[in-house]
Chemist: 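Dumping the structure here so I can ask a few things about it.
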There are 2 protein chains.
Amino acid sequence: MDRRTEIMTAAGRLFSEAGYHVTSMRDLARAVNLQGGSLYAHIASKEEILFEIVSHAADLFLAGAAAVPPDLPPAERVARLVEAHLAVIAREIGNATVFFHEWRFLSPERKAQIQERRDAYEAYFTRAIADGVETGVFRVEDPRLATLFVLSALNWTYQWYDPAGPIPPDEFARQYAAMVLGALGADGPLTPGPSPRVGEGRSTEHAGGAA
Amino acid sequence: MDRRTEIMTAAGRLFSEAGYHVTSMRDLARAVNLQGGSLYAHIASKEEILFEIVSHAADLFLAGAAAVPPDLPPAERVARLVEAHLAVIAREIGNATVFFHEWRFLSPERKAQIQERRDAYEAYFTRAIADGVETGVFRVEDPRLATLFVLSALNWTYQWYDPAGPIPPDEFARQYAAMVLGALGADGPLTPGPSPRVGEGRSTEHAGGAA
DNA sequence: CCTACCGATCGGTAGG
DNA sequence: CCTACCGATCGGTAGG
């Protein structure tokens, strides 16, 4: 790992733990065994570091969504989008936290650049949900509100999900996707088995669980 | 409105717009037509202001949840909790934003005090969901994860909901509650009408909507 | 990559 | 409630 990458990695951790404004350049320098001023041999400004972290996270989210085949049936597509989203958070919780929590401190130009990518990301969900509403597999009153609901449920996870905790990322994503589909009024489990059985209502597989 | 309240109101707006650390005491003083040092005739420290805002918001959320009758059926109770939560956000979006976004900058003692109230608030949801799982009206795999899902969907709303926007708070809350119940695997519309019809699956009332 | 420094700004206080 | 000030710290730079 070269010095610049080392700085970015440390910054992602510090910014996520203490916040962008609370972390001083001296704090960051100490974390990579440099003197304060020496950082500027590798980076132009504090805000450049923030942008690189946020931009990197945005790319990860976009790449994850772009990898979901757009011709999948809507329910499966939404499930895959949910899983991709949570995979990014599980893998890069620090950078994801900075992405969600500190991006507003970017300069107007850079903020606008990130906003574009956020819009593009959101569009993947908007499309999948609209498709599902059109074909009748989703039953929601307002697709726009439903999209915001789904993104809200996803975006907050960085606040509490611990990839090293008791529930492994895969299991976490699977259950989360099931609840998202429930919120969208989808009929039942989608991945294995035939098309949903009529007259039986929805059922989350292994319903019950703890209690 | 006395001076102290005036300061708190202005601080709620400024902290929510620019962030706690970006807002200086001089910014705040200017907003209430005072000189910087004069603020300290009314408050002890910047952090005291932050605490008062966050504490006030916590009280509002707790009071809203406490007002939901605990003997209601679980589905209706969850719906009422969702509506209460969103009502607070619709009424005090600024303070709610500070509550969610800046509370971590409190001193350890004050942070712990708020954490207690957050836990108590979360417990209302945990109980309602556990009750619903027990009685079989909710079908989720892991009640703990389901609770976190619901709170995530709610907690993020301060980021995008505009009470003055196109969708009025009541309508917003009603649709949001329907999606939450869907995520919990509840069977259908709950408020009006008889118990859910068997053999018809779930349906959000007026399913379809825009598209 | 370090040393030494810059001007600016911070939260908070004394004294009236 | 104002004026004037405090020490501390900030991001960033020059010169080597």
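Residue numbers start from 1 in every chain, and the chains themselves are labelled A, B, ... in the order their sequence lines are given, proteins ahead of strands.
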Chemist: Please tell me whether F172(A) and W160(A) form a close aromatic pair, meaning their ring centres lie under 6.0 Å apart.
Modeler: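 Yes, ring centres under 6.0 Å apart.
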
Chemist: In whole angstrom, what separates R26(B)'s CZ from dG11(C)'s P?
Modeler: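 R26(B) atom CZ is separated from dG11(C) atom P by 7 Å.
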
Chemist: Rounding to an integer number of Å, can you tell me how far E47(B) CD sits from dC10(C) P?
Modeler: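 So the CD-P distance, E47(B) to dC10(C), works out to 19 Å.
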
Chemist: Between dC1(D), dG12(C), dG11(D), which nucleotide has the shortest distance from any of its atoms to the side chain of L34(B)?
Modeler: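 Comparing dC1(D), dG12(C), dG11(D) against the side chain of L34(B), the answer is dC1(D).
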
Chemist: Roughly, in whole Å, what's the span from CG in L28(B) to C1' in dG12(C)?
Modeler: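 To the nearest whole Å, that distance equals 14 Å.
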
Chemist: Looking at R3(A), does any N or O in its side chain come under 4.0 Å of the phosphate oxygens OP1/OP2 on dC1(C)?
Modeler: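 The answer is yes; a side-chain N or O of R3(A) sits under 4.0 Å from OP1 or OP2.
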
Chemist: I want to verify a distance call: between dC2(C), dT3(D), dC1(D), whose nearest atom is closest to the Q35(A) side chain?
Modeler: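 For the Q35(A) side chain, the nearest candidate turns out to be dC2(C).
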
Chemist: Output the single nucleotide from dC1(D), dC2(D), dA4(C) whose closest atom is nearest the side chain of H42(B).
Modeler: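 Of all the options, the side chain of H42(B) is nearest to dC1(D).
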
Chemist: Tell me the interatomic distance from R30(B), atom CZ, to dC2(D), atom P, rounded to whole angstroms.
Modeler: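 Answer to the nearest Å: 13 Å.
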
Chemist: Using a cut-off of 6.0 Å, state whether more than 12 heavy atoms not belonging to R144(A) lie near its atom CZ.
Modeler: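 For R144(A), atom CZ is not crowded (no more than 12 foreign heavy atoms under 6.0 Å).
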
Chemist: Could you tell me whether K46(B) and E102(B) make a salt bridge, using a distance below 4.0 angstrom between a side-chain N and a carboxylate O?
Modeler: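 Result for this pair is no, no salt bridge flagged.
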
Chemist: Is it the case that S55(B) and R117(B) place a side-chain donor and acceptor less than 3.5 Å from each other?
Modeler: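 Yes, side-chain donor-acceptor contact under 3.5 Å.
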
Chemist: Picking from dC1(C), dC10(C), dT13(D), which would you name as closest to the side chain of Y40(A)?
Modeler: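 When the side chain of Y40(A) is considered, dT13(D) is the closest of dC1(C), dC10(C), dT13(D).
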
Chemist: Kindly point out which of dG12(C), dC1(D), dG12(D) is positioned nearest to the side chain of M25(A)?
Modeler: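 Within the option list, the nearest is dG12(D).
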
Chemist: Under a 3.5 Å limit for both distances, which nucleotide forms a Watson-Crick or G-U wobble pair with dT3(D), could you say?
Modeler: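 For dT3(D), the partner nucleotide comes out as dA14(C), under the 3.5 Å rule.
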
Chemist: Does L39(B) reach a base, just sugar-phosphate, or nothing at all? Heavy atoms under 4.0 Å.
Modeler: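 Counting heavy atoms under 4.0 Å across all strands, no contact is made by L39(B).
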
Chemist: Rounded to the nearest Å, what distance is computed from the CG atom of residue L50(B) to the P atom of nucleotide dG11(C)?
Modeler: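 L50(B) atom CG is separated from dG11(C) atom P by 13 Å.
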
Chemist: Please tell me which of G36(A) and S24(A) maps to the more 5' nucleotide of DNA chain D, matching each residue to the nucleotide holding its nearest heavy atom.
Modeler: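 This one resolves to S24(A).
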
Chemist: Specify the separation, in whole Å, of atom CD1 of I43(B) and atom C1' of dG12(C).
Modeler: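 So the two atoms are 9 Å apart, to the nearest Å.
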
Chemist: Can you measure H21(A) atom NE2 to dC10(D) atom C1' for me and round it to whole angstrom units?
Modeler: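 Spelled out: NE2 on H21(A) to C1' on dC10(D) is 11 Å.
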
Chemist: Without decimals, in angstroms, what is the distance between E48(B) CD and dG11(C) P?
Modeler: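 The answer, rounded to whole Å, is 15 Å.
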
Chemist: Just by modelled atom types, is the E47(B) backbone N or O under 3.5 Å from a matching donor or acceptor in the Y20(B) side chain?
Modeler: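 Yes, Y20(B) side chain to E47(B) backbone: donor-acceptor pair under 3.5 Å.
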
